[in-house]
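Note that this is a predicted model, so its numbers are computed, not measured.
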Amino acid sequence: MELKNLTVTEFAAITASDAPAPGGGSVSALAGTLAAALAEMVARLTVGREKYAASQEAMDEIIRTIPPIREQLLAAIDRDSSAFDQYMAALAMPKSTDEEKEVRKAAMQEGLKEAAKVPLEVAQAALSLMPSLEQAVTIGNPNAVTDGMVGTMMARTAVLGALYNVRVNLGSIRDQAFVEELSAKTDIIQREAMAWETKILAQSPLSGIR
């Protein structure tokens, strides 16, 4: 069964076990999925209510644009584990001859690249939620403001968790151009995610940030 189809209880249990996956990458994708769901929830609790008429267009846009991102992040829960499995399969390849060793090394490198690219996509998708989450917090139904704030923190966690998984894989990749390109992207994404979280939470009196 796909990880995304497990119950919450089952997912937590298998994560807590000695199974190598799901791990931090899949959990980061799950955090992003929940962040997207919370943004969408606030929008649905706002749209159609006369007292929030000024927010209708923004909330309609969230309801239109967030579901595909939520589905992308949901799928990434399994994609992250599959990328890890690809590397583990390469690790188990035969290495009796020089030719086999070279084939194995190449397969391992491709597995590591995939294991870096998937969490990078998770981080980018989670970061893209921030503008909608800001609207959820600032102009959404005020009775659901904490849901938008939790979504913001979950999005930040999804970004950082995914980026740590990118970096740990980059440390074993020999393609220097690939490493430099992804390293630069991770630095930018991390700075942006942290800045967004600080900005969004500061706009709510509940944050305690002055």
Side-chain angles (χ1 to χ4, degrees), residues 2-41 66 68-88 111-134 136-137 146-173 178-179 181-201 207:
E2 292 182 317
L3 294 172
K4 68 179 184 179
N5 292 328
L6 296 175
T7 66
V8 174
T9 300
E10 290 168 340
F11 189 94
I14 192 172
T15 301
S17 75
D18 60 359
S26 291
V27 171
S28 296
L30 175 58
T33 304
L34 295 174
L38 285 167
E40 190 176 341
M41 169 188 157
I66 291 297
I69 303 173
R70 173 164 52 81
E71 290 300 319
Q72 176 188 351
L73 287 161
L74 186 64
I77 296 172
D78 286 285
R79 286 189 63 217
D80 186 88
S81 292
S82 295
F84 177 78
D85 290 343
Q86 180 180 336
Y87 171 74
M88 293 303 293
L112 286 167
K113 284 185 176 181
E114 186 66 16
K117 287 189 287 187
V118 172
L120 180 63
E121 292 173 10
V122 168
Q124 290 169 326
L127 179 62
S128 74
L129 298 171
M130 290 299 194
S132 294
L133 286 162
E134 180 178 34
V137 169
T146 55
D147 301 298
M149 295 171 73
V150 171
T152 299
M153 292 183 287
M154 293 291 282
R156 182 280 316 257
T157 296
V159 171
L160 295 189
L163 292 181
Y164 292 151
N165 278 275
V166 174
R167 291 181 176 126
V168 75
N169 287 298
L170 291 181
S172 301
I173 294 174
F178 180 90
V179 171
E181 179 185 358
L182 266 66
S183 292
K185 288 181 178 179
T186 59
D187 291 345
I188 293 170
I189 293 170
Q190 179 168 333
R191 286 195 297 269
E192 291 183 355
M194 298 294 286
W196 267 111
E197 182 194 37
T198 300
K199 176 188 176 188
I200 294 170
L201 297 185
S207 69

Give me the atom names and distance for the closest heavy-atom approach of [X] to [Y].
X: E197; Y: M130; result: N-CE, 4.4 Å
X: M149; Y: V137; result: N-CG2, 3.7 Å
X: A193; Y: V159; result: CB-CG1, 3.6 Å
X: A158; Y: G32; result: CB-N, 3.4 Å
X: L133; Y: A39; result: CD2-CB, 3.6 Å
X: S28; Y: A162; result: OG-N, 3.4 Å

Distance, nearest 0.5 Å, that separates [atom1] of [X] from [atom2] of [Y]:
X: L30; Y: T157; atom1: CG; atom2: OG1; value: 11.5 Å
X: I189; Y: M194; atom1: CD1; atom2: CE; value: 14.0 Å
X: I188; Y: S183; atom1: CD1; atom2: OG; value: 11.0 Å
X: E40; Y: I66; atom1: CD; atom2: CD1; value: 7.5 Å
X: K4; Y: S81; atom1: NZ; atom2: OG; value: 12.5 Å
X: L201; Y: R156; atom1: CG; atom2: CZ; value: 8.5 Å

In terms of side-chain geometry, is the basic nitrogen of K117 or E121 positioned less than 4.0 Å from the acidic oxygen of its partner?
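Here K117 does not pair with E121 in a salt bridge, since their nearest N and O are not under 4.0 Å apart.
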
Scan the side chains in residues 164-172 for donor-acceptor partners under 3.5 Å anywhere in the protein, sequence neighbours excluded, and list what turns up.
residue : atom : partner : partner atom : Å
N165    : ND2  : G161    : O            : 2.9
R167    : NH1  : Q190    : OE1          : 2.7
R167    : NH2  : D187    : OD1          : 3.1
R167    : NH2  : Q190    : OE1          : 3.0
N169    : ND2  : A115    : O            : 3.2
N169    : ND2  : N165    : O            : 2.7

Any non-hydrogen side-chain atom of [X] less than 4.5 Å from a side-chain atom of [Y]?
X: L129; Y: L73; answer: yes
X: V122; Y: D80; answer: no
X: R79; Y: E114; answer: yes

D147 side chain to L38 main-chain N or O, any donor-acceptor pair under 3.5 Å?
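The answer is no, because no donor-acceptor pair under 3.5 Å joins these two groups.
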
Compile the donor-acceptor pairs under 3.5 Å between side chains in residues 10-19 and protein atoms, sequence neighbours left out, one pair per line.
residue : atom : partner : partner atom : Å
E10     : OE1  : T7      : N            : 2.9
E10     : OE1  : T7      : OG1          : 3.4
T15     : OG1  : F11     : O            : 2.7
S17     : OG   : I14     : O            : 2.7
S17     : OG   : A19     : N            : 3.2

